[in-house]
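Keep in mind it's a predicted model, so treat the numbers as computed, not measured. We count ligands from 1, going down the list as the structure has it; atoms in each ligand are counted the same way.
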Amino acid sequence: MKKKIAVLASAAMLTLAATSSMAQFAKGEDAIKYRESAMALIGSHFGRMAPVAKKEVPYNAEQIKANVAVLSVLAQLPWAGFAPGSEGGESKDDVWLDPEGFKQAEDDFLAAMDKLTVAADSGDFDAFRVAFGNTGKSCKSCHDAYRKEK
Ligand code: ASC
């Protein structure tokens, strides 16, 4: 009996760890809506910094730092939404056919985000501009590989 409970508990913990979220999605379409909502917020918080990086709008170090702090939380969200059985939406099937490649793309993006956070926290415009560009490249390469053509 104790062993059975231990097995069930460790299976539940593994499931939580695998999805990095509170709970499983009830339906595939819930996961699709969740990840696409998270991506939309990431696109907004990222995209609104582009005019600053392009020097079309003055650099305000405190605003960029605060925005990147929000973005670094948002950046953690979409991944649980690529759950098994949630194929579809804007995702190519390659997300599920090539899980190692997709995980690598996630890791590359999160590593670029970490560098963007360091750069934004430094308050140095050129460091921000370079890290912003590199993060955008990681967005694009993952979209090119794993997002359907619009
Ligand atoms: C964005 C957005 C993306 C990336 C990408 C960067 O603002 O929505 O998908 O930047 O275009 O190259």
Side-chain angles (χ1 to χ4, degrees), residues 11-150:
M13 264 145 49
L14 275 178
T15 306
L16 276 181
T19 56
S20 328
S21 70
M22 296 294 290
Q24 299 277 20
F25 294 98
K27 291 178 287 177
E29 68 193 76
D30 294 345
I32 294 172
K33 194 172 172 187
Y34 177 84
R35 68 187 184 232
E36 292 183 357
S37 301
M39 289 292 192
L41 286 175
I42 291 168
S44 174
H45 280 270
F46 187 78
R48 283 183 279 140
M49 294 193 287
V52 178
K54 287 190 264 179
K55 302 186 186 180
E56 294 164 2
V57 166
Y59 175 61
N60 178 319
E62 284 310 310
Q63 277 180 7
I64 292 293
K65 182 177 167 176
N67 190 53
V68 169
V70 172
L71 189 58
S72 73
V73 176
L74 296 175
Q76 301 168 37
L77 298 184
W79 317 105
F82 295 92
S86 68
E87 293 83 349
E90 293 183 28
S91 299
K92 288 185 189 168
D93 286 344
D94 300 76
V95 170
W96 292 272
L97 296 173
D98 174 26
E100 291 86 8
F102 187 65
K103 181 71 171 75
Q104 186 63 57
E106 173 191 339
D107 290 348
D108 290 347
F109 168 64
L110 293 173
M113 274 302 310
D114 284 347
K115 289 184 180 172
L116 180 57
T117 298
V118 171
D121 287 353
S122 79
D124 181 82
F125 173 76
D126 284 325
F128 159 73
R129 185 180 52 77
V130 170
F132 180 86
N134 288 335
T135 306
K137 279 180 200 158
S138 87
C139 298
K140 186 177 185 309
S141 70
C142 189
H143 290 159
D144 288 349
Y146 296 104
R147 186 173 69 177
K148 286 176 188 162
E149 315 287 326
K150 289 210 177 168

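When every heavy atom of Phe109 is checked against every heavy atom of Cys139, the shortest pair comes out as CE1-SG, 4.0 Å. The minimum heavy-atom distance between Ala38 and Leu77, with the atom names listed, is CB-CB, 4.0 Å.
For atom 11 (O) of ligand 1, the nearest protein heavy atom lies 4.0 Å away or farther.
Using modelled atom types, one side-chain atom of Thr135 and one backbone atom of Ala131 make a donor-acceptor pair closer than 3.5 Å. Using modelled atom types, one side-chain atom of Gln76 and one backbone atom of Ser72 make a donor-acceptor pair closer than 3.5 Å.
Remark: ligand 1 atoms within the under-4.0 Å shell around heavy atoms of His143 are 9 (O). Per-residue contacts place Gly136 under 4.0 angstrom from the following atoms of ligand 1 (heavy atoms of the residue considered): 6 (C), 12 (O). Taking a cut-off of under 4.0 Å to the non-hydrogen atoms of Gly43, the atoms of ligand 1 that pass are 7 (O), 8 (O). Listed by number with element, the atoms of ligand 1 under 4.0 angstrom from any heavy atom of Lys140 are 12 (O). Listed by number with element, the atoms of ligand 1 under 4.0 angstrom from any heavy atom of Phe46 are 1 (C), 7 (O), 10 (O). Here is the list of ligand 1 atoms found below 4.0 Å of a heavy atom in Gly47: 7 (O).
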(request) Could you please spell out the steps behind the salt bridge (Lys or Arg N to Asp or Glu O under 4.0 Å) verdict for Asp30 and Lys33? (result) CA-CA 5 Å; Asp30 294 345; Lys33 194 172 172 187; over 6 Å; no
Side chains of residues 51-62: which donor-acceptor pairs under 3.5 Å do they make with residues two or more places apart or in other chains?
from  : atom 1 : to     : atom 2 : distance (Å)
Tyr59 : OH     : Gly123 : O      : 3.3
Asn60 : OD1    : Glu62  : N      : 3.2
Asn60 : OD1    : Gln63  : N      : 3.0

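The protein non-hydrogen atom at the shortest distance from atom 4 (C) of ligand 1 is Cys139 CB, 3.9 Å.
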